Amino acid sequence: AGERAPTADQVTPLDRHAAEVLSATDDVIDELVAEQNRQIEEARSLGARADRATLALSLLAVGAVLLGLAALIGRGRAALVSLVAGAVVLAGSAAWGGWAALG
């Protein structure tokens, strides 16, 4: 107890970065924590963007399936409903995908 951690210049079983952190001052630790917090926020932002892009691709697939179903049915009310629903979902997918690309 009361011993300081070895400096980065001393030989330790720790890697250089770990030894530097152990011998760092409070100001250096505060800088490290601030940088880590910034990186966490960036990761959250990019993760949310990836989630939006995945949803846009899923909607695209559903819209394509509905359009294919409309083509398979041919004529009639069911085909019209499938066609309209597919078009709406594809438009939503394009809008959602654009939002994902921008943000």
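The structure displayed is predicted, hence computed values, not measured ones. Both backbone and side-chain heavy atoms feed into the values below; hydrogens, waters and symmetry mates do not.
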Next item on the list: Please determine which of E35, Q36, E42 meets the side chain to side chain donor-acceptor pair (under 3.5 Å) test together with Q39.
Entry: E35
Check: Apart from L46 itself, what residues make up its hydrophobic cluster when side-chain heavy atoms of I, L, V, M, F, W and Y under 4.5 Å apart count as a link, directly or indirectly?
Finding: none
Check: Is there a donor-acceptor pair under 3.5 Å between the side chain of S58 and the backbone N or O of T54?
Finding: yes
List, one per line, each side-chain donor-acceptor pair under 3.5 Å for residues 64-84, sequence neighbours excluded.
{"unit_1": "S82", "atom_1": "OG", "unit_2": "L66", "atom_2": "O", "d": "2.5"}
{"unit_1": "S82", "atom_1": "OG", "unit_2": "A70", "atom_2": "N", "d": "3.4"}

Next item on the list: May I ask you to say whether E41 pairs ionically with R38, meaning some side-chain N is under 4.0 Å from a carboxylate O?
Entry: no
Check: Which pair of non-hydrogen atoms, one from R52 and one from W99, has the smallest distance, and what is that distance?
Finding: CD-CZ3, 2.8 Å
Next item on the list: Inspect the surroundings of CG in D26 and state if more than 12 heavy atoms from other residues, nucleotides or ligands are less than 6.0 Å away.
Entry: no
Check: Transitively linked via ILVMFWY side-chain contacts under 4.5 Å: W96 with V62?
Finding: yes
Checklist line | Heavy-atom side-chain contact between I29 and V21 under 4.5 Å | finding: yes
Notebook entry, point to check: Going from CG on L55 to CG on L60, what distance comes out if it is rounded to the nearest 0.5 angstrom?
Noted result: 11.0 Å
